[in-house]
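Structure first, commentary second.
Note that the structure is a prediction, hence the values are computed from the model and not measured. Throughout, protein chains are lettered first and strands after them, A, B, ... in sequence-line order, and every chain is numbered starting at 1.
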Amino acid sequence: MSKNTPQAIRGTQDIFGADAEAFAFVVETFERVRRLYRFRRVEMPVFEKTEVFSRAIGETTDVVSKEMYSFEDRGGESLTLRPEFTAGIARAYLTNGWQQHAPLKVATHGALFRYERPQKGRYRQFHQIDAEIIGAAEPQADVELLAMADQLLKELGITGVTLHLNTLGDADSRDAWRAALVEHFRGVKDELSEDSQERLEKNPLRILDSKDPRDKRFVADAPKIDAYLSDEARAFFDAVTSGLDAAGVKWQRAESLVRGLDYYRHTAFEFIPDEGSEAASKLGSQSTVLGGGRYDGLMESLGGAATPAVGWAAGIERLAMLVGERGDERLEIAVAAENRDREADAAKAVALFRQAGFSAELFATGSPRKRYDKARKAEAAMLISFDIRDGQKTHSLLQTDPAIPREAEALQLFGKHWPIVI
RNA sequence: GCGAUCGUAGCUCAGUUGGUUAGAGCGCCGGUUUGUGGUACCGGAGGUCGCGGGUUCGAACCCCGUCGAUCGCCCCA
């Protein structure tokens with residue numbers, strides 16, 4: 001590579017080959033499943049006014065305080081490349097009067113941006129699929145959303161991943177629990193890890209899933225959310241779990257699962273690879289493959305009326321790492337021109353096949369005597385060769401197993417123009 | 001932001017305690033062989049050894065810096 005060639009931006013990816021096929025498979029499967037659940041497709045802007053994210057996600061979160069790609073446009077307005085979908089969708093809901101469609105089920109996918117150090121399963125420009133139900137207060141909405149996530153993972157063929165489920169309660173429950181946690185950990189502050197001492201001020205809930213052994217001792221006997229749940233919050237969670245059981249969605253309770261963003265209430269969940277599973281090793285140190293929850297307070301933070309909502313998002317790259325190798329689709333027909341004077345015929349044949357809906361590839365460059373071998377390496381279901389031998393135009397056909405559907409049709413089409421010799 | 005490992009041909013990698021003009025396989029291009037055949041052989045193109053400085057008679061190799069990649073911490077999808 002010339003030193004004159006600009007390099008790609010750190011943390012961006014040029015996805016190609018098997019990785020690109022796996023990526024496309026994830027998106028295609030998502031599109032199919034979201035139609036099954038009647039989620040409507042939305043397309044969203046890639047950037048928004050910065051305040052859309054800072055107000056919705058929370059000023060003190062890492063995402064807002066240090067990971068946003070923000071810049072001023074020519075009018076001096078602060079804009080930000082979306083670090084997530086939910087805030088932008090909430091803004092669109094309010095801006096466009098989508099209340100008229102409530103309860104509204106929407107789905108989207110695309111690129112997101114976060115300024116972080118890249119590592120396995122983690123990029124500065126990454127991609128997510130996303131599903132939201134807005135304007136639905138009932139636990140059935142949570143159940144439907146989770147059932148869709150569960151079915152998606154199954155249809156992707158992903159195993160060894162389990163739904164971890166928790167409730168953060170309503171606003172009052174969450175605040176009371178938070179206060180109790182702060183009190184509990186403040187008593188042993190000096191013995192906590194440095195990170196957790198900081199978390200005590202910024203985000204005490206996060207101490208619960210600290211990996212540091214110094215913290216784990218105190219996490220075990222920390223106050224549990226269950227003791228602070230209001231009757232309504234408890235009934236809501238019970239309805240979600242029994243709904244999941246009825247829908248056949250396997251789940252496990254994760255009392256210390258909290259989600260990083262400020263707007264979550266009630267249901268919070270993540271799909272996480274089982275420890276020691278193949279999925280876990282494929283993902284490196286990234287664990288969450290799909291995560292989300294209920295965000296009943298978010299619309300108000302953007303100046304809208306209180307609107308209950310639930311949603312989730314999943315990293316396409318992470319899912320793609322779990323779906324395994326997906327090669328290119330098999331070439332149906334390879335056409336070789338083994339003589340320069342047959343190149344026109346070969347090109348014509350390829351055009352005919354393509355117009356009839358067959359995938360076809362032409363091999364008519366480089367040394368004529370090597371074109372057959374090149375065509376052979378394409379491993380097509382059918383190989384047709386044009387040549388001239390002893391002054392006679394010849395056509396040969398090689399078929400390999402398994403045969404393609406419509407094989408007879410392809411042969412007939414070819415036979416209309418050239419005699420076949422087998 | 002912090003830490004560890006790594007940068008040699010388009011790709012995967014050799015390269016001895018520092019010692020002539022830097023190598024292989026694959027791929028690419030050409031030629032020969034085979035002639036219903038994924039063969040074999042021959043040849044060719046392609047590298048300021050990431051970049052900059054230092055040590056040395058001499059650096060791909062040692063030292064410093066820098067850029068990049070990978071993996072981990074934090075956090076997250």
Side-chain angles (χ1 to χ4, degrees), chain A residues 1-13 16-17 26 57 60-68 82-86 109-131 149 161 193-196 198-199 202-203 206-207 209-212 257-261 269-273 281 283-292 311-322 334 336 338-339 363 365-380 383-385 387-390 394-400 421-422:
Chain A
M1 177 184 64
S2 163
K3 64 182 176 185
N4 225 352
T5 304
Q7 33 201 0
I9 305 298
R10 163 176 291 189
T12 61
Q13 321 168 72
F16 173 77
V26 170
I57 299 171
T60 63
T61 59
D62 278 26
V63 170
V64 171
S65 66
K66 54 186 209 195
E67 294 174 3
M68 292 204 302
R82 47 147 77 147
E84 62 148 38
F85 280 116
T86 307
H109 65 83
L112 303 172
F113 304 84
R114 252 119 98 160
Y115 192 88
E116 296 187 274
R117 283 295 286 272
Q119 55 184 274
K120 191 175 189 141
R122 189 125 153 236
Y123 308 94
R124 288 187 173 177
Q125 178 181 332
F126 61 105
H127 303 82
Q128 287 186 345
I129 50 180
D130 181 278
V161 171
S193 67
E194 297 76 17
D195 284 334
S196 284
E198 217 172 294
R199 285 189 271 236
K202 281 175 54 188
N203 198 346
R206 288 236 78 94
I207 300 176
D209 47 27
S210 168
K211 290 168 196 159
D212 196 304
L257 183 135
V258 297
R259 306 243 343 129
L261 313 180
F269 53 85
E270 294 180 350
F271 283 79
I272 301 175
S281 63
L283 280 173
S285 70
Q286 316 310 325
S287 52
T288 305
V289 124
L290 183 155
W312 56 249
I316 297 176
E317 290 87 348
R318 291 186 187 177
L319 292 171
M321 284 189 271
L322 299 181
E338 293 194 84
N339 186 300
F363 295 85
T365 59
S367 170
R369 46 198 338 166
K370 289 186 177 171
R371 292 175 188 171
Y372 189 89
D373 284 353
K374 263 196 224 173
R376 200 106 197 214
K377 283 184 183 169
E379 294 182 327
L383 194 171
I384 291 169
S385 170
D387 203 352
I388 295 178
R389 289 191 189 165
D390 305 323
T394 62
H395 315 106
S396 73
L397 172 71
L398 176 78
Q399 290 160 278
T400 58
V421 182
I422 298 183

Sugar-phosphate only, base, or nothing, as touched by [X] at under 4.0 Å among non-hydrogen atoms:
X: A/R389; result: base
X: A/V63; result: nothing
X: A/E198; result: nothing
X: A/Y123; result: base
X: A/E116; result: base
X: A/G284; result: sugar-phosphate
X: A/T61; result: nothing
X: A/E67; result: sugar-phosphate
X: A/D62; result: sugar-phosphate

Which value, in whole Å, describes the distance between the [atom1] atoms of nucleotides [N] and [M]?
N: B/A4; M: B/C64; atom1: P; value: 13 Å
N: B/C26; M: B/A45; atom1: C1'; value: 16 Å
N: B/C75; M: B/U12; atom1: C1'; value: 35 Å
N: B/C41; M: B/U34; atom1: C1'; value: 12 Å
N: B/C76; M: B/G18; atom1: C1'; value: 47 Å
N: B/C51; M: B/C74; atom1: C1'; value: 31 Å
N: B/G44; M: B/C6; atom1: C1'; value: 33 Å
N: B/C67; M: B/G10; atom1: C1'; value: 22 Å

Distance (rounded to the nearest 0.5 Å) between [X] [atom1] and [Y] [atom2]:
X: A/R318; Y: A/H127; atom1: CZ; atom2: NE2; result: 14.0 Å
X: A/D373; Y: A/F363; atom1: CG; atom2: CZ; result: 11.5 Å
X: A/L322; Y: A/F271; atom1: CG; atom2: CZ; result: 13.0 Å
X: A/T288; Y: A/L283; atom1: OG1; atom2: CG; result: 9.5 Å
X: A/L383; Y: A/T400; atom1: CG; atom2: OG1; result: 8.5 Å

[X] vs [N]: side-chain N/O to OP1/OP2 distance below 4.0 Å:
X: A/S396; N: B/G37; answer: no
X: A/R117; N: B/G1; answer: no
X: A/S285; N: B/C73; answer: yes
X: A/R10; N: B/G68; answer: yes
X: A/Q7; N: B/G68; answer: no

Checklist entry - Is there ring stacking between A/Y372 and B/G37, where the centres must be under 5.5 angstrom apart and the planes under 30 degrees? => result no

Measure from [atom1] on [X] to [atom2] on [N] and round the result to the nearest Å.
X: A/D373; N: B/U32; atom1: CG; atom2: P; answer: 15 Å
X: A/R369; N: B/U33; atom1: CZ; atom2: C1'; answer: 8 Å
X: A/E84; N: B/A77; atom1: CD; atom2: P; answer: 8 Å
X: A/Y115; N: B/C76; atom1: OH; atom2: P; answer: 19 Å
X: A/M321; N: B/C76; atom1: CE; atom2: C1'; answer: 13 Å
X: A/R124; N: B/C75; atom1: CZ; atom2: P; answer: 18 Å
X: A/L397; N: B/G37; atom1: CG; atom2: P; answer: 13 Å
X: A/R206; N: B/C73; atom1: CZ; atom2: C1'; answer: 14 Å

Complementary nucleotide for [N] - Watson-Crick or wobble, under 3.5 Å:
N: B/A59; value: none
N: B/G7; value: B/C67
N: B/U17; value: none
N: B/A24; value: B/U12
N: B/G1; value: B/C73
N: B/U36; value: none
N: B/U48; value: none
N: B/C41; value: B/G31

Item to check | Given A/R10, A/R114, A/E317, the one that forms side-chain contact (heavy atoms from CB on, under 4.5 Å) with A/Y123 | outcome: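 Among A/R10, A/R114, A/E317, the one meeting side-chain contact (heavy atoms from CB on, under 4.5 Å) with A/Y123 is A/E317.
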
Item to check | Heavy-atom closest pair, residues A/Q128 and A/A313 | outcome: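 Closest approach of A/Q128 to A/A313, heavy atoms only: OE1-CB, 3.2 Å.
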
Assess whether one donor atom and one acceptor atom, taken from the side chain of [X] and the base of [N], lie less than 3.5 Å apart.
X: A/R376; N: B/U36; result: no
X: A/R318; N: B/C76; result: yes
X: A/K370; N: B/G31; result: yes
X: A/R122; N: B/C75; result: yes

Next on the checklist: I'd like to know whether A/R124 forms a side chain to side chain contact (heavy atoms under 4.5 Å, CB included) with A/Y115, so could you lay out the CA-CA distance, the side-chain angles of the two residues, the decisive distance to 0.1 Å, and finally the verdict.
Outcome noted: CA-CA 5 Å; A/R124 288 187 173 177; A/Y115 192 88; 3.4 Å; yes

Checklist entry - In terms of the nearest nucleotide of RNA chain B, which residue is placed more toward the 5' end: A/G291 or A/D387? => result A/D387

Next on the checklist: Which is more 5' along RNA chain B, the nucleotide nearest A/H127 or the one nearest A/K120? Just name the residue.
Outcome noted: A/K120

Next on the checklist: Just checking A/Q119: does its CD atom have more than 12 heavy atoms from other residues, nucleotides or ligands closer to it than 6.0 angstrom?
Outcome noted: yes

